[in-house]
Amino acid sequence: MNFDPLNPRFPLGDFVHEVIRWLQSALSGLIGGVRWLLDLLYGSLEYTLATPIFLIMIAIFAAVAWLASGWKLAVVTAIGFYLIRALDLWLPAMQTMALVLVACVMAILLAIPVGILAAKVRAVSLVVKPVLDFMQSMPALAYLVPVISVFSIGQVPGIIATIIFAMPPGVRLTELAIRQVDHEVVEAGQAFGATAWSILRKIQLPLAMPTIMAGINQVIMLALSMVVLAGMVGAQGLGGEIVGALSRVNVPLGVEAGLAVVIVAVYLDRVTAALGHRSPLARALKAST
Amino acid sequence: MSHIEASHVYKVFGKREQEVVKRLEAGADRKDLTQLGTAAVIDASFSVEPGEIFVVMGLSGSGKSTLIRTINGLWKPTTGSIKIMGSDIAKMDARTLRATRRDKISMVFQHFALLPHRTVRENAAYGLEMQKVPKAERMERADTWLDTVGLGGWGDKYPHQLSGGMRQRVGLARALAAETDILLMDEAFSALDPLIRREMQEQLIELQETLSKTIVFITHDLNEAMFLGDRIAVMRDGRIVQIGTSEEILTEPANDYVAQFVQDVDRTRVLTAGSVMERPNAVVQSNVGPRVALHTMQEQKVAALLVTDRHRKLLGLVRDRQVVRAAREGQKSITPLIETKDVLRVNENDPLSSLFAPASSSIVPLAVTDDKERLIGVIPRVALLQTMASIGPDTGEIPVIDDSGELHAGEKVNGDHGAGQAQASPQDLAAEAVPQEDLGADESLTGPAPGLEDDAASDATATERKEDGL
Ligand SMILES: Nc1ncnc2c1ncn2[C@@H]1O[C@H](COP(=O)(O)OP(=O)(O)OP(=O)(O)O)[C@@H](O)[C@H]1O
Ligand SMILES: [Mg+2]
């Protein structure tokens, strides 16, 4: 390949493609494993959510809302999900919830340890920061392409794209939360002979929990904002309905599916936000004087 | 064996620590080396014996915290060694270091450093938890220690529900519960207001009598250092400039700096009325009725109360005899009973050397007021005499008003000279006190006064004299 400085061409994309192809063959076992795992998780969750009669599921959702927050959220939840059923979007809504929940659980499982490591080890923080910036500023559509090329189309690339897109605030807020914990309290742990693990578990995590929960809440919201893109790579669910409505200019379906996404979003947002108020710290601070 | 033995400890923050130490050893000044690093502790050598309270005193930034943190290994000394009961803390592996902190040294923090998500009891039990004491036992032991520091019954609260003084008691209970021989206290009382602080100091001394721990106590307050310390180390710019008993520090300052320090603090802090005053307990507002006043007298076991208005402005005093009579006559307010004559008052900023101990028969202690004449504290006679005795030789004669009312030394600030003469001796008062049957039989006293049963009013303690305090 000869390079003309006056007319520079740098085939970065080809290069990345080569790397991906190489990775694909080198890591085919790993990729297969990931695909198998995500398929299994999604499949069983979708089955669990979509199989029972919708009234039972609505009761369960409402009960969760009640436990997490209170009767008001439970009532709103029941009405909202009943409306989804009335719009005949029950199955896609359950598929979307399954996808979002699987993606969020994976994103959180990755984000929290990485965030803790970043808070504890400066080098990790220095590496992680630009990677997160990259993940967040890269347009989601642009990394869908390599994701599809590795995982082809269907639920799995949708879930992976969602994980990549939704994870950064989880990492960032976890790191911030751990760093924010009062240094003197951590020193108190050290001064009484606690191990690093004990300090993390008994002091840092409980005190960081409200901020970490805020991060988790953001992860879920970002994941929901990805459902349409997930639909574009062939994931089933409300995203798929919206993509279909778009291609057929089906206004009623577009509006209805959009509304259903909003209902699911509000539900997950409120429930996780309410859970944030139930950490030991929040409960302690609520104790009246 | 000394419990703590520091020899030639240096602690430098910065990139080129060793270089800084070398230059300091060669005689360089700390200020010329700031480019290379901050020398926080320079060549500190001292030892602390079992059962001793060793106070480290110095201005902000003099390296006190850094020094105490090297003792339990939160910092490693740049050079030099710290031996805890004979073994060098900087040379321990992680496991031994943890074991040492767990079993031998505990710490009380300036800003309490309690775990906000845990109850007071769980906080106090934290050290025991690290020692792997089973849950039921550690909770029980935590409760015992909470009782000891005066927080019995607060175990189920959370730290944020407590006042600063109470939180520091939790910090103290946590450290004491670990039952380590060594106790490190980094400005443990600095965040507390003066009265609570004095209370905590007294409590520490009291506890020390039974526990006799080895305590390193850091403070920037000379008053506190003098009160607590068996020996005091004065730090300046990272160096220990003098180690000695409070007496030695006061009378033979090692250099001008210490002399200045002692003198400065003398004038501003130690020797003012405000620094030795205590919480005024035997006080009522002028708008209360005689029954409430009687009740307060009985509770405080005093024969007279100071009276303030709603804004805490000091008005005078009321005596038991008048109050009892007023109660019997069914008067609604104690305002007409207020006497101003025998109240001795001083301003909080008045230097101690200008104060005077009230006569032993004076029934109210010296009242301390602020610039707006508000009552902010009292100084009981005995406390004043004690303080004066411990000041040392420089402050001269102790001024005392004796029972004949004559002022023997010093100068009166505000009070009425005739104080002593105007009032009867304690025996007289006791003799004249209203007989019990009188009160008990009097129908008018069995009225609806809440909290004041007639037997309570006739309780002998209500008229008991306690000459040295309210
Ligand atoms: N972690 C650190 N990194 C760099 N410099 C530090 C560090 N800790 C303390 N120092 C410096 O060391 C010096 C001594 O600080 P130190 O906290 O020991 O003082 P102190 O006597 O406890 O003061 P104070 O009464 O304000 O608590 C100060 O100049 C401070 O800036
Ligand atoms: Mg300090």
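Order of the sequence lines fixes the chain letters, A, B, ..., with proteins taken first and strands second; residue numbering starts at 1 for each chain.
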Take a 6.0 Å sphere around [atom1] of [X] and say whether it holds more than 12 heavy atoms from other residues, nucleotides or ligands.
X: A:Tyr82; atom1: OH; answer: no
X: A:Lys120; atom1: NZ; answer: yes
X: A:Gln180; atom1: CD; answer: yes

Which atom pair, heavy atoms only, marks the closest approach of [X] to [Y]?
X: A:Glu187; Y: B:Leu74; result: CD-CD1, 4.1 Å
X: B:Phe109; Y: A:Ala188; result: CZ-CA, 3.4 Å
X: B:Tyr126; Y: A:Ala194; result: OH-CB, 3.5 Å
X: A:Gly193; Y: B:Arg98; result: O-CD, 3.5 Å

Item to check | Partner chain A: residue of B:Glu129, B:Gln110, B:Arg95 with the largest heavy-atom pair count (under 4.5 Å) | outcome: B:Glu129
Checklist entry - Any idea which of B:Ala178, B:Gly73, B:Pro116, B:Gly171 has the most non-hydrogen atom pairs under 4.5 angstrom with chain A? => result B:Pro116
Checklist entry - How many angstroms lie between atom CZ of B:Arg69 and atom CD of A:Gln190, to the nearest 0.5 angstrom? => result 9.5 Å
Next on the checklist: Working to the nearest 0.5 angstrom, can you tell me the gap between A:Asp182 CG and B:Phe112 CZ?
Outcome noted: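 If we round to the nearest 0.5 Å, A:Asp182:CG and B:Phe112:CZ are 11.5 Å apart.
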Checklist entry - Under 4.5 Å between any side-chain heavy atoms of A:Phe192 and B:Arg101, yes or no? => result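 Of all side-chain heavy-atom pairs linking B:Arg101 with A:Phe192, none is under 4.5 Å.
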Checklist entry - Does any non-hydrogen side-chain atom of B:His117 lie less than 4.5 Å from one of A:Lys202? => result no
Item to check | Interchain contact, A:Ser279 with chain B, by part (heavy-atom threshold 4.5 Å) | outcome: neither
Checklist entry - Which bit of B:Leu114 comes within less than 4.5 Å of chain A, counting heavy atoms only: side chain, backbone, both or neither? => result backbone
